[in-house]
Number of protein chains: 2
Amino acid sequence: MGNSVEKTDFQIAFGRQIEKFRTEQNLSYRQLAQRCDIDHSNISKIEKGEINIQLSSVLQLAKGLSISPKELFDFNFDLGDVIS
Amino acid sequence: MGNSVEKTDFQIAFGRQIEKFRTEQNLSYRQLAQRCDIDHSNISKIEKGEINIQLSSVLQLAKGLSISPKELFDFNFDLGDVIS
DNA sequence: AAAAGTGTGGGTTTTTAACACCACAATTAA
DNA sequence: TTAATTGTGGTGTTAAAAACCCACACTTTT
C-alpha cells in the first residue's frame, strides 16, 4: 500500500527548499508546474520528499523558479548522517 | 547502439565538477567509488555527462568527496539555454 | 451561490537510471 | 617481466522516476 520509496532526510530538506522558493514567489503548484514542465502532482511529491528526482528535474525546477541550481542546495545538511 | 540518454550541457558541467573535486583529492574512480557506494564505471559515466543521476547519487558523491552538495553545483550555467 | 483555484493523493504506463557485473587496453609499480 | 591499477566501455535486470491522468475537499474569487 502506498509508497515503496522511503523519504530520506535529504529529499525532505530539498523539498523544503523548493517550497520556500515557490511560496516566496507566490506560485501555486500548478503555476510552477507550467513553468518547469513537471506535473503539478509531482511537484507536491517532490516538496514532501517523496521522490528521488533526477538531475534533469533539478534543472527544470531551477528554471521554473528562476534561480540557479546551486541555490536549491543552499541548506544545511550533515553529511555525517548519510548512511551508506 | 549505445546510449539512449543524450548528454545535456548540464550533465556535462556537473560531471566536470565531480572530476575537478576528485582529481583535486587525487582519487581514482575506484577509490571514489569505494567512498560513495557508486560503481567506478558509473562514476566514469557521470563525469562524462552520460547519465542523468538522481538526488541520492548527488548526496553520495558529496559524501565521497567530503564536500557539501551545494559545492557540486557551484559552476556557471545559463538557465536560458534550457530547452523545455 | 457559482466558478475558479488550491493542495493532496491515487493510479497507470512508459521511460530510464541504478546496480552489479564483466572485459580490456594502457599505464604504473613491484 | 609480472602484477596491479587505471580509465573506459558494454550488458541485462530491476526498481523507480517521470508523465500523464483523474478525483476530491477546501479556500478564494467573482
Side-chain angles (χ1 to χ4, degrees), chain A residues 1-65 69 72 82-84, chain B residues 1-65 69 72 82-84:
Chain A
M1 35 177 275
N3 269 341
S4 49
V5 184
E6 58 174 326
K7 291 185 185 187
T8 68
D9 291 342
F10 190 63
Q11 282 171 208
I12 293 171
F14 182 84
R16 269 198 284 259
Q17 281 286 295
I18 302 294
E19 182 179 32
K20 177 190 146 200
F21 287 110
R22 179 180 61 83
T23 54
E24 271 177 13
Q25 297 179 40
N26 288 310
L27 295 173
S28 68
Y29 285 165
R30 287 169 176 83
Q31 286 172 328
L32 176 56
Q34 194 177 352
R35 296 179 188 211
C36 66
D37 229 55
I38 295 178
D39 191 78
H40 75 274
S41 63
N42 284 332
I43 291 180
S44 168
K45 292 161 193 165
I46 292 168
E47 286 193 3
K48 296 165 126 270
E50 286 172 2
I51 57 184
N52 186 14
I53 62 171
Q54 295 174 321
L55 218 48
S56 55
S57 298
V58 171
L59 184 62
Q60 291 297 322
L61 288 166
K63 186 201 159 213
L65 293 167
L72 287 181
V82 182
I83 314 168
S84 159
Chain B
M1 38 179 276
N3 269 340
S4 50
V5 183
E6 59 175 324
K7 290 185 184 186
T8 68
D9 291 341
F10 190 62
Q11 281 171 210
I12 293 171
F14 181 83
R16 269 197 285 258
Q17 282 287 294
I18 302 294
E19 182 180 31
K20 177 190 145 199
F21 287 110
R22 179 180 60 83
T23 54
E24 271 177 13
Q25 297 179 39
N26 289 311
L27 295 174
S28 69
Y29 285 162
R30 285 171 176 84
Q31 286 172 329
L32 176 56
Q34 194 177 351
R35 295 179 188 211
C36 67
D37 228 54
I38 295 178
D39 190 79
H40 73 275
S41 63
N42 287 329
I43 292 180
S44 167
K45 291 161 193 164
I46 291 169
E47 286 193 4
K48 296 164 127 270
E50 286 172 2
I51 58 182
N52 186 14
I53 61 170
Q54 294 176 305
L55 218 48
S56 54
S57 299
V58 171
L59 184 61
Q60 292 297 323
L61 288 166
K63 185 202 160 216
L65 293 166
L72 288 181
V82 183
I83 314 170
S84 156

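Letters go in sequence order (proteins before strands), and every chain restarts at 1.
If you measure from atom CG of Leu55(B) to atom P of dA17(D), you get 10 Å, rounded to the nearest angstrom. Counting to the nearest Å, the P atom of dT5(D) and the CD atom of Gln34(B) are 11 Å from each other. With rounding to whole Å, Glu47(B) atom CD is found 12 Å from dG9(D) atom P. One can place CG of Asn26(B) at 11 Å from P of dT6(D), the figure rounded to the nearest angstrom. Atom CD1 in Ile46(A) sits roughly 14 Å away from atom C1' in dA16(D) (whole-Å rounding). One can place CG of Asn52(A) at 13 Å from C1' of dT16(C), the figure rounded to the nearest angstrom. The nearest whole Å value for the distance from the CG atom in Leu59(A) to the P atom in dA17(D) is 19 Å. Here the P atom of nucleotide dG10(C) and the CD atom of Glu50(A) are 8 Å apart, to the nearest Å.
Backbone-only engagement by Ile53(B) is indicated by non-hydrogen atom pairs under 4.0 Å involving sugar-phosphate atoms exclusively. Among the heavy atoms of the strands lying under 4.0 Å from Lys45(B) is at least one base atom, whether or not backbone atoms are also near.
Closest approach to the Ile51(A) side chain among dC21(D), dC21(C), dA17(D) is made by dA17(D) (side chain taken as heavy atoms from C-beta onward).
Every residue two or more places apart in sequence or in another chain that forms a side-chain contact (heavy atoms from CB on, under 4.5 Å) with Ser28(B) is listed here: Arg30(B), Gln31(B). Taking Ser44(B) as the reference, nothing meets the side-chain hydrogen bond (donor to acceptor under 3.5 Å, both in side chains) condition, with sequence neighbours excluded. In this structure Ser41(A) satisfies the side-chain hydrogen bond (donor to acceptor under 3.5 Å, both in side chains) test together with Asp39(A), sequence neighbours excluded. Residues passing the side-chain hydrogen bond (donor to acceptor under 3.5 Å, both in side chains) test with Ser57(A), sequence neighbours excluded: none.
Contact of the Ile53(B) side chain with the Ile38(B) side chain is not registered, since no non-hydrogen atoms from C-beta on lie closer than 4.5 Å. For the pair Leu65(A) and Leu72(A), the minimum side-chain heavy-atom distance is below 4.5 Å.
Sorted by first and then second residue, the ring-ring contact (aromatic ring centres under 6.0 Å, His included) pairs with a member in residues 12-53 of chain B read Phe14(B)-Phe73(B); sequence neighbours excluded.
For Ser41(A), no side-chain nitrogen or oxygen approaches OP1 or OP2 of dG10(C) to under 4.0 Å. Within the structure, every side-chain polar atom (N or O) of Gln54(B) is placed at least 4.0 Å from both OP1 and OP2 of dA16(D).
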Short N/O separations, protein against nucleotides 5-7 of chain C, under 3.5 angstrom:
from	atom 1	to	atom 2	distance (Å)
dT6(C)	OP1	Ser28(A)	OG	3.3
dT6(C)	OP2	Ser28(A)	OG	3.3
dG7(C)	OP1	Arg22(A)	NH1	3.0
dG7(C)	OP2	Tyr29(A)	N	2.9
dG7(C)	N7	Arg30(A)	NH1	2.9
dG7(C)	O6	Arg30(A)	NH2	3.1

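The number of heavy atoms from other shown groups lying within 6.0 Å of CD (Gln34(A)) does not exceed 12.
You won't find any donor-acceptor pair under 3.5 Å spanning the side chain of Asn42(B) and the base of dC19(C), going by distance alone.
The C1' atoms of five pairs define one axis at each end of the helix from dA1(C)-dT30(D) to dA30(C)-dT1(D), and these two axes lie 50° apart (to 10°).
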Query raised in the report: Given Lys63(A) and Arg35(A), is the side chain to side chain contact (heavy atoms under 4.5 Å, CB included) satisfied, shown in steps?
Result: CA-CA 8 Å; Lys63(A) 186 201 159 213; Arg35(A) 296 179 188 211; over 6 Å; no
